[in-house]
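Take a look at the structure set out below.
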Amino acid sequence: MSRIFKLKKWLTLDDAAAHLTRSLGEDVAVQDLLQLAVDGHLVLSVELVNHASANLGRAVPANEASFEIIRGLGAPLSEGLRRLTESAVAVSGEAERKAWVEANRDKVAELGAFIGLTGDPLDDETVLEWERPIKSIHGLWDIPAFGGARLDVLHQLQCMIGGPEITLTAMVGAILVSPDGSRFARLVEHMSENPYLSDGHDLDKYPRRDPNSYYPRGGLPQDALLVVRTEALNSFLRSLEIAGGETSQASSELGGREKIGLLRLIAGLAKVAGIDLRSEKAAVQLEAAAAHFDGPAEKTIRKHLKVIREVVLKGT
């Protein structure tokens, strides 16, 4: 593995495909990366070069999620509904929340409203809760297995393989997650970017500091760069080894006789290249020579050199 690769936090899709081709010994194309991502085997990311506007959020257990009273279509904001709304805001804690909902569900329904979560359900047990302030985010963010960002990946895959047009939409919008999984981001855009809104550029009506002047994006920004984090790529390769993939299988099939033959071949190639394997510089020279082929690190090479010196070069 080259030293430059180790320093990179991410690779373009083309570079990632080339890296996998070298590592696995089989042709890997960009469309393979997209399919692996859609199928949940490989995590893709985006580099937000020019930043993006978003609501930040976190995943919370459904029984701890905040809730709100939502008026039905045409339902008036009566005094009774206003008082219930104010009391709902003051509720905290799972037990208090459950008691409030049980005591007031029928009252809320009679007033033409219903009780709903303030966040977006991720599954039956988890809810994504969003902060109201609009933040500017940048850098690397991962694409989760749901939302509009994933649909963008699926759309790109279908375009490359000549598949059908993607007509699905994600009600939650385009969601990203930090590489460590601790934070979520729901991408948003200002009303001025809505082509169907004639007065979206009226900043008196839609001030940029007002969260209500924004709505969730359906997909990724056009200037978001689709990439693969190097750690995600290494994790994918490790998963193949754990699952008994080709890399692991090839290693296990390399028996003692084959290994000695391979070490002799290395010694012969080093001699042709003018590299003295007994020299202290040999490991650095071999690492540099193998860098183009994503070869092993110097520490690993030194281990192999020790065997070569003891088995192949002994007595020569």
Side-chain angles (χ1 to χ4, degrees), residues 8-16 30 33-62 65-66 117-123 125-160 166 168-194 208 211-236:
K8 289 184 175 182
K9 291 184 178 180
W10 54 266
L11 299 177
T12 65
L13 296 188
D14 287 331
D15 286 346
V30 168
L33 300 185
L34 298 176
Q35 185 170 352
L36 288 168
V38 169
D39 292 342
H41 300 299
L42 176 66
V43 177
L44 294 188
S45 306
V46 288
E47 170 71 15
L48 299 174
V49 180
N50 293 314
H51 295 212
S53 298
N55 297 112
L56 296 179
R58 61 189 181 94
V60 299
S66 302
L117 295 170
T118 59
D120 295 311
L122 185 58
D123 51 43
E125 300 179 351
T126 312
V127 175
L128 294 179
E129 288 199 334
W130 305 109
E131 301 171 5
R132 274 186 57 78
I134 304 299
K135 301 292 185 179
S136 178
I137 63 173
H138 65 280
L140 277 177
W141 290 78
D142 289 349
I143 298 176
F146 61 92
R150 179 185 180 276
L151 289 182
D152 277 358
V153 175
L154 182 59
H155 170 74
Q156 188 169 335
L157 172 62
Q158 296 303 318
C159 288
M160 294 190 73
I166 300 299
L168 295 172
T169 57
M171 297 300 293
V172 296
I175 307 296
L176 300 175
V177 59
S178 59
D180 64 2
S182 64
R183 299 287 280 174
F184 288 83
R186 179 176 62 185
L187 299 180
V188 299
E189 52 189 349
H190 189 260
M191 292 295 184
S192 59
E193 299 178 79
N194 188 338
R208 293 193 177 275
N212 292 322
S213 299
Y214 294 79
Y215 61 94
R217 292 187 65 103
L220 295 168
Q222 290 187 349
D223 57 0
L225 181 63
L226 204 59
V227 301
V228 186
R229 287 187 294 108
T230 50
E231 177 52 38
L233 206 58
N234 290 333
S235 178
F236 170 70

(message) As a quick check of understanding, evaluate side chain to side chain contact (heavy atoms under 4.5 Å, CB included) for Leu128 and Val172, giving each step before the final call.
(response) CA-CA 10 Å; Leu128 294 179; Val172 296; over 6 Å; no
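- In this structure, the side chain to side chain contact (heavy atoms under 4.5 Å, CB included) partners of Arg208, at least two apart in sequence or on a different chain, are His190, Ser192, Leu203, Tyr214.
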Would you be so kind as to tabulate the donor-acceptor pairs closer than 3.5 Å made by side chains of residues 142-152, with sequence neighbours excluded?
from: Asp142; atom 1: OD1; to: Ser45; atom 2: OG; distance (Å): 2.6
from: Asp142; atom 1: OD1; to: Arg229; atom 2: NE; distance (Å): 2.9
from: Asp142; atom 1: OD2; to: Arg229; atom 2: NH2; distance (Å): 3.0
from: Arg150; atom 1: NH2; to: Val38; atom 2: O; distance (Å): 3.2
from: Asp152; atom 1: OD2; to: Leu220; atom 2: N; distance (Å): 2.7

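- By the side chain to side chain contact (heavy atoms under 4.5 Å, CB included) test, Glu131 pairs with Leu56, Pro133, Arg183, sequence neighbours left out.
- Applying the side-chain hydrogen bond (donor to acceptor under 3.5 Å, both in side chains) criterion to Glu189, with sequence neighbours excluded, gives Tyr215, Arg217.
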(message) Assess the residue pair Leu44 and Val228 against the criterion (side chain to side chain contact (heavy atoms under 4.5 Å, CB included)); give the C-alpha distance rounded to whole Å, side-chain angles, the decisive distance to 0.1 Å, and a yes or no.
(response) CA-CA 5 Å; Leu44 294 188; Val228 186; 3.6 Å; yes
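- Among residues two or more places apart in sequence or in another chain, the side chain to side chain contact (heavy atoms under 4.5 Å, CB included) test is passed with Ala54 by Ile137, Ala185, Leu187.
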(message) I'd like to know whether Asp120 forms a side chain to side chain contact (heavy atoms under 4.5 Å, CB included) with Arg186, so could you lay out the CA-CA distance, the side-chain angles of the two residues, the decisive distance to 0.1 Å, and finally the verdict.
(response) CA-CA 11 Å; Asp120 295 311; Arg186 179 176 62 185; 3.6 Å; yes
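- Residues satisfying the side chain to side chain contact (heavy atoms under 4.5 Å, CB included) test with Asp123, not counting sequence neighbours, are Glu125, Thr126.
- By the side-chain hydrogen bond (donor to acceptor under 3.5 Å, both in side chains) test, Asp180 is found to be paired with Ser178, Ser182, residues two or more places apart in sequence or in another chain being considered.
- Qualifying side-chain hydrogen bond (donor to acceptor under 3.5 Å, both in side chains) partners for Ser235, counting only residues two or more places apart in sequence or in other chains: none.
- Applying the ring-ring contact (aromatic ring centres under 6.0 Å, His included) criterion to His41, with sequence neighbours excluded, gives no partner residue.
- Under the side-chain hydrogen bond (donor to acceptor under 3.5 Å, both in side chains) criterion, Ser136 pairs with His51, sequence neighbours left out.
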